[in-house]
Amino acid sequence: MSEIDRSGTAVGANSLSKSYEPQQFETRIYQSWLDQGCFEAKDQNAPGQNAFSMVIPPPNVTGVLHMGHALTNTIQDILVRWHRMMGDNTLWLPGTDHAGIATQAQVEKQIAKEGKGPTGKPLTRHDLGREAFLARTWKWKEEHANTITGQLKRLGSSLDWKRERFTMDEGLSQAVREVFVRLYEEDLIYRGERIINWCPRCQTALSDLETIPTERKGHFWHIVYKIVEADGVTPVKNADGTPAELVIATTRPETLLGDTAVAVNPDDERYRHLHGKQAVLPLLGRLIPVITDSYVDKEFGSGGLKVTPAHDFNDYEIGKRHNLPFISVMGKDGRITPAGGSYAGLKFAEARERVIQDLKEAQLLVKTEDHALKIGLCQRCENIAEPIVSKQWFVKIGPLAKPAIEAVESGKIQFSPKSWEKTYFEWMYNIRDWCISRQLWWGHQIPAWYCGHCQEVTVAREAPTKCPKCGAAASELKQDEDVLDTWFSSALWPFSTLGWPEKTRALETFYPTSILETGFDIIFFWVARMIMMGIHFMGDVPFHKVYLHAMVRDEKGDKMSKSKGNVIDPLVVIDQHGADPLRFTLTSMAGQGRDIKLSVDRVENFRGFCNKIWNATKFFHLQFDALKDKGVGIPADFDAEKWLLGNLPTLLPQNRWILSRLQVAIARVQKGFEDFELNESAQALYEFSWHEFCDWYIELSKLPFREGGDAAQQSIYTLHYVLETVMKLMHPIMPFVTEELWQSLPFKRVVQKPATIMLQPFPKANAAFTDSESEQTIAALKSVIEALRNFRGENNLSPKVEFPVRYRAGSVGADTFIRLHSADLQALSRVSKFERIEGDHGGGSGGSSGEAIIPLTNPPVELRISLAGLVNVEEESKRLVKEIEKVSEDIAFVQRKLSQETFIAKAPKELVEKERKREGEFVAKRQELQAALERLKALVK
RNA sequence: UGGAGUGUAGCUCAGUGGGAGAGCAUCCCCUUCACACGGGGAGGGUCGUAGGUUCAAUCCCUAUCACUCCAACCA
């Protein structure tokens with residue numbers, strides 16, 4: 001079914017503003033898409049239809065759009081719009097993430113500003129209580145959620161808003177509880193006392209991923225541990241009779257308070273006599289065993305290692321291997337615990353100073369040197385996170401990781417660029433159990449209840465009405481106060497958003513999703529965990545392709561950050577230049593494997609591109625209106641493509657040419673989208689629309705339009721058809737401007753209702769339009785025009801100055817060519833007339849002095865321009881000399897090649913032939929140029 | 001320490017086994033009836049360095065340097 005719309009919305013050139021002004025229409029157009037339900041997917045595919053689905057990487061609900069969002073959402077929107085136009089049942093599902101720590105921190109900051117608590121300190125969440133604080137946070141969420149979603153709309157994202165989800169909405173919370181309970185029942189979730197990263201400032205546990213290893217300048221302190229016999233008193237002697245001691249270097253001297261052993265390598269001969277002895281812990285005097293463990297590197301430092309199992313991940317492992325006591329000296333409050341003796345109550349940094357001071361005084365510090373150390377910073381607040389031992393909930397990750405590894409190994413999931421697979425494997429092979437409990441309030445509270453009566457734990461989907469273990473009343477049960485890591489709920493995103501655990505139609509239609517597009521910085525946080533959860537709970541991978549885009553940086557290549565003040569705000573850019581230019585810029589730079597260095601200059605350039613398209617459309621309207629005034633009619637139910645195909649042989653060469661070139665553009669754009677090389681598509685569109693369509697086609701169409709009649713009519717059809725096709729091709733990348741312009745077209749085809757470009761079929765290349773003959777003709781035309789423009793430019797001739805050109809044709813065909821196209825040639829090169837030189841078949845020797853001579857090979861003609869009154873002879877001589885030099889270089893190059901026997905023997909014959917031919921052409925050209933130069937010289941004398 | 005990526009015109013980036021391209025910036029000419037958010041012309045690069053394969057290398061291989069990112073248990 002098709003319908004021609006050529007009245008209602010058809011607007012003349014006058015209705016399009018003078019230039020591209022995106023502010024005039026972007027918001028209106030987005031609203032019209034929403035009103036018409038254009039973004040909505042169907043739960044069930046139509047017969048023969050494919051589903052295409054993607055989930056948005058949910059931005060933080062209280063976040064603000066940054067360039068990274070702009071990039072990922074532009075890319076995703078392109079894919080989605082393209083698939084929609086290809087006829088797929090297309091779902092792009094929106095939503096936001098509750099972002100536990102980030103959101104809670106913002107609300108805490110707000111209440112702190114509001115007043116003082118009972119102790120006179122700023123209000124904290126504890127002053128409000130859990131319930132009131134959560135109410136505040138929900139309110140905050142309601143107030144801020146629209147910010148980011150509104151910004152996504154400004155960008156043009158065609159998300160199915162009716163399906164918008166939030167990681168803490170009822171459905172997703174149910175999914176979270178379901179997953180937690182099932183994993184618990186399968187022994188894949190457990191609660192245990194383990195070493196974890198703790199942020200003393202945020203007062204919560206963090207996963208390994210949430211601490212950023214950072215290099216800081218520090219020191220190596222060499223500390224003496226004296227060695228005694230088992231009795232704890234008698235010094236052990238070295239072979240030479242001196243008292244045995246172990247000098248151990250550390251970057252964190254304060255941790256010695258929690259040392260429970262010192263270790264040496266079992267094969268270290270130097271310390272064999274210390275095996276089984278005791279070390280005296282400096283300052284505290286506690287006796288700790290000397291143990292042997294192959295983890296210790298003999299070559300490093302003194303070969304001795306202090307072991308602090310409660311505050312170091314490696315020491316923790318050693319401690320477990322050797323059944324060492326775990327002494328927690330660093331408390332959750334950031335201060336030394338009572339186990340730290342006289343250091344108790346000191347902040348960690350203070351304790352370090354005191355320990356060093358005391359060691360010095362006890363003469364146990366033998367050396368201090370500079371050393372860089374690695375510390376873990378809290379991802380959120382950038383304070384130092386300390387490893388401490390604490391009771392937390394964990395996901396036993398090994399059994400989940402195994403199939404997730406296999407999915408990528410087998411190619412069931414493919415990463416692009418492929419190199420990221422290596423990174424993925426590396427992490428997955430060495431994955432550690434995932435600490436999922438957080439000591440926060442904002443999040444999914446852990447569905448575990450502790451019975452005050454029998455002390456048992458109950459994990460359940462809903463709050464139990466009595467203790468299932470001992471039958472105690474609900475009042476005895478207390479729910480775990482902790483909440484889950486935010487990423488726990490995001491891991492379920494591809495299926496929880498589609499209604500899981502219910503078996504919904506949507507789930508059936510859209511899972512697995514087609515593609516995941518995201519940043520490489522969340523491969524571990526998000527991608528890997530979605531793969532694990534998807535396979536475990538859905539029995540299938542959540543997606544088959546993972547596309548990872550680059551990072552957006554500023555024009556100098558620095559990371560954008562508020563503190564550096566180099567942030568380019570996408571919304572400001574959209575306000576100033578429009579969403580389409582920003583989208584086009586990001587797309588054209590989104591080649592994989594390279595960071596995107598964004599500059600506003602670039603956006604301005606593409607704004608110029610939008611303006612160019614805008615004005616090309618205005619040109620169409622101008623011509624169309626003029627034709628209408630002359631009474632040139634358009635047949636009812638007009639199908640331009642059909643008409644053009646039917647009348648192909650009678651079309652003007654430029655019309656056939658642009659139709660032919662259009663097919664190449666369509667193929668390039670399509671291939672770019674298929675291969676996920678969106679920058680290729682963008683480039684193809686840019687080159688075709690600007691440099692072929694605008695630069696040449698529109699210029700060449702002006703004559704037929706002036707001429708009127710059939711020539712004008714077929715040209716207006718061609719112009720319309722090409723414009724409409726280009727609009728559709730560009731639409732996925734630049735949705736707004738293409739919709740606005742498409743709506744203005746008088747006989748656009750509405751194949752699919754509602755009448756919006758975003759639902760019309762994406763163009764397909766049609767070989768019937770391919771036309772090598774017209775391509776050849778226009779190439780020849782361009783070469784004559786360019787030669788004349790070059791002559792004009794080199795001699796600084798104003799376009800106002802018109803001059804006649806005499807020509808000598810090298811063949812009958814060339815003569816015909818010039819005569820046939822003299823009008824076009826004259827118009828585009830501003831030549832007053834072309835005059836053929838009769839007779840004189842003597843080759844390049846003819847012509848009077850005082851003429852510029854421009855020899856061409858395709859078409860084989862020689863152009864002559866009388867210099868009298870036009871240019872000064874010396875200028876023209878310079879141009880000639882330059883030309884001659886250029887040709888001479890060409891000749892030398894070709895001859896060098898042809899003089900090599902191996903080249904003649906081994907290179908393809910066609911190539912050799914081609915080079916020979918070129919040699920001949922070059923030599924002839926040089927002769928003519930030289931002859932012209934001679935005559936000019938004669939003139940000067 | 002491992003892994004990956006990048007190195008092409010002043011800047012930002014495309015690109016290909018057969019003589020190096022675009023946009024911006026620079027210089028010159030133009031308000032010519034779609035567009036000065038424009039048109040035309042010009043200058044500018046031994047395609048990081050050194051070897052190798054090939055008739056032919058900016059492209060393939062090897063080494064090397066520089067920068068960037070990722071993962072790391074050397075206290």
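By convention in this document, chain letters (A, B, ...) are assigned in the order of the sequence lines, proteins followed by strands, and residues within each chain are numbered from 1.
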- Message: In whole Å, I'd like the distance from the CD atom of Gln683(A) to the P atom of G21(B).
- Response: 14 Å
- Short side-chain donor-acceptor distance under 3.5 Å, Asp695(A) and His691(A): yes
- Is the distance between the ring centroids of Trp427(A) and Phe524(A) under 6.0 Å? yes
- Query: Between A71(B), C24(B), C55(B), which nucleotide has the shortest distance from any of its atoms to the side chain of Glu426(A)?
  - Reply: A71(B)
- Task: Could you tell me whether Glu680(A) contacts a base, only the sugar-phosphate backbone, or nothing, with contacts defined as non-hydrogen atoms closer than 4.0 Å?
- Result: sugar-phosphate
- Counting side-chain heavy atoms from CB outward, which of A72(B), U68(B), C74(B) is closest to Asp595(A)? U68(B)
- Nearest atoms (heavy-atom pairs only) where Val329(A) meets His311(A): N-NE2, 2.9 Å
- Message: So, taking the atom named OG1 in Thr368(A) and the one named CG in Leu365(A), what distance separates them when rounded to the nearest 0.5 Å?
- Response: 4.0 Å
- Phosphate OP1/OP2 of C37(B) contacted by Asn605(A) side-chain N/O (<4.0 Å): no
- Item | Partner of Thr255(A) by side chain to side chain contact (heavy atoms under 4.5 Å, CB included), out of Glu386(A), Met330(A), Arg352(A) | Met330(A)
- Note on the structure: Whole-Å distance, Lys418(A) NZ to G3(B) C1', equals 15 Å
- Measure from CZ on Arg252(A) to C1' on C74(B) and round the result to the nearest Å. 15 Å
- Task: Taking side-chain contact (heavy atoms from CB on, under 4.5 Å) as the test, write out the residues that go with Thr260(A), two or more places apart.
- Result: Pro309(A), Leu324(A), Pro325(A), Ile327(A)
- Note on the structure: Side-chain contact check for Lys882(A): nearest option of G43(B), G23(B), A75(B) is G43(B)
- Item | Distance between C1' atoms of C69(B) and C30(B) (Å, rounded) | 48 Å
- Query: In whole angstroms, how far is the C1' atom of A71(B) from the CE atom of Met428(A)?
  - Reply: 15 Å
- Phe520(A), nearest nucleotide to its side chain (from C69(B), C55(B), A4(B)): C69(B)
- Taking atom types as modelled and ignoring hydrogens, do the side chains of Ser888(A) and Arg926(A) form a donor-acceptor contact shorter than 3.5 angstrom? yes
- Looking only at N and O atoms, is any donor in the side chain of Asp601(A) or the base of G23(B) less than 3.5 Å from an acceptor on the other one? no
- Query: Testing Tyr547(A), Phe520(A), Phe415(A), Phe425(A) for ring pair (Phe, Tyr, Trp, His ring centres under 6.0 Å) with Trp420(A), which one passes?
  - Reply: Phe520(A)
- Message: Measuring only the C1' atom in each nucleotide, how far is G7(B) from A14(B)? A whole number of Å is fine.
- Response: 15 Å
- Taking Val831(A) as the fixed residue, which of Ile785(A), Leu863(A), Val805(A) is the one that meets the side chain to side chain contact (heavy atoms under 4.5 Å, CB included) rule? Val805(A)
- Between the side-chain atoms of Arg918(A) and the base atoms of G19(B), is any donor-acceptor pair under 3.5 Å? yes
- Message: Under a 3.5 Å cut-off for both contacts, is G17(B) paired Watson-Crick or G-U wobble with anything, and if yes, with which nucleotide?
- Response: none
- Message: Counting only heavy atoms not in Lys630(A) (residues, nucleotides, ligands), do more than 12 fall under 6.0 Å from its NZ?
- Response: yes
- Note on the structure: Reading nucleotides 30-36 of chain B from 5' to 3' and marking B where a protein heavy atom lies under 4.0 Å of the base, S where only the sugar-phosphate is that close, and - otherwise, the string is SSB-BBS
- Item | Nucleotide forming a Watson-Crick or wobble pair with A9(B), both distances under 3.5 Å | none
- Could you check which nucleotide pairs with U26(B) in any of the strands shown, counting Watson-Crick or G-U wobble with both distances under 3.5 Å? A42(B)
- Note on the structure: Taken to the nearest whole Å, CD1/Ile596(A) to P/A14(B) is 10 Å
- Task: Return the value, rounded to whole Å, for the distance between atom CE of Met589(A) and atom C1' of C24(B).
- Result: 11 Å
- Query: Does NZ or CZ of Arg607(A) lie under 6.0 Å from the centre of the six-membered ring of Phe584(A), at an angle within 45° of the ring axis?
  - Reply: no
- Starting from P on A75(B), measure out to CG on Asp259(A) and report it in whole angstrom. 16 Å
- Interface with RNA chain B, restricted to residues 578-587 of chain A and to heavy atoms under 4.0 Å: none
- Once you apply the 3.5 Å cut-off to both distances, tell me the Watson-Crick or G-U wobble partner of U53(B), or none. none
- Under the 5.5 Å and 30° test, is Phe893(A) stacked on the base of G19(B)? yes
- Query: Counting just side-chain N and O atoms, does Asn796(A) come under 4.0 Å of either OP1 or OP2 of C28(B)?
  - Reply: no
- Indicate, with yes or no, if the rings of Phe25(A) and Phe736(A) have centres closer together than 6.0 Å. no
- Rounded to the Å, how far apart are Glu875(A) CD and C29(B) P? 13 Å
- Is U32(B) paired to anything, Watson-Crick or G-U wobble with both distances less than 3.5 Å, and if yes, which nucleotide? none
- Message: Give me the distance, rounded to whole Å, that separates C55(B) from G21(B) when you measure between the P atoms they each carry.
- Response: 27 Å
- Taking the side chain of Leu305(A) as its heavy atoms from C-beta onward, which of A72(B), A75(B), C55(B) lies nearest to it? A75(B)
- N or O in side chain of Trp420(A) less than 4.0 angstrom from A71(B) OP1/OP2: no
- Message: Under 4.0 Å, heavy atoms only, any strand: does Asn790(A) hit a base, just the sugar-phosphate, or nothing?
- Response: sugar-phosphate
